[in-house]
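Read the numbers this way: they start at 1 and go in the same order the structure lists the ligands and their atoms. These numbers were taken from a predicted model, which means no experiment stands behind them.
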Amino acid sequence: MKKERSEKEQSPRVEDYLESIYHLIHEKGYANTTDISHKLKVKAPTVSIMVGKLASKGYLEYEPYRGMNLTGKGEKVARSVINRHAVIYEFLSMIGIEDEIAREDTEGIEHHVQPTTIYRLQRLVVFLKNKPGIVKSIRDFIEAR
Ligand code: ZN
């Protein structure tokens with residue numbers, strides 16, 4: 001399991017950028033500095049610097065005035081974060097955490113979990129999804145005080 005960790009040596013910031021760029025490309029067909037800066041609430045010049053770094057590290061291809069695209073390497077990282085995001089968000093929602101907090105906490109937690117944790121959490125979510133009665137008992141228990 002130690003080995004998988006090295007795949008995930010990107011900083012939270014790198015992961016946030018790749019996650020946002022992936023979503024923008026899939027929602028709008030392209031990603032630009034302005035959109036990224038809105039999504040991540042970061043100033044445009046900061047985004048430009050980061051985009052340059054991501055390109056030099058091989059996560060994306062960038063052509064001035066033409067936009068950017070994720071490379072295979074960048075897309076792999078983006079998909080991994082997005083999968084972690086989905087699992088964590090679903091779990092937090094399942095145990096009754098209100099939406100805004102669940103979204104916010106997911107953005108933090110998603111950068112700090114290893115594949116084995118996500119795998120087990122994902123299995124738990126799948127199991128519970130088919131057992132609404134158990135989910136209800138869990139929530140009743142949590143909320144009964
Ligand atoms: Zn996320």
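Residue R139 qualifies as enclosed at atom CZ: its count of foreign heavy atoms under 6.0 Å is above 12. In the displayed structure, K136 atom NZ is contacted under 6.0 Å by at most 12 heavy atoms of other residues, nucleotides or ligands. With a 6.0 Å radius and a threshold of 12 heavy atoms from other residues, nucleotides or ligands, H38 has its NE2 atom at or below the threshold.
In terms of distance to the Zn ion (ligand 1), the nearest N, O or S atom of E19 is named OE2. Its N, O or S atom nearest to the Zn ion (ligand 1) is what matters here, and for H85 that atom is ND1.
Between the T33 side chain and the S48 main chain, no donor and acceptor come within less than 3.5 Å of each other.
Taking 2.8 Å as the criterion, E107 counts as a coordinating residue of the Zn ion (ligand 1), since one of its N, O or S atoms falls below it.
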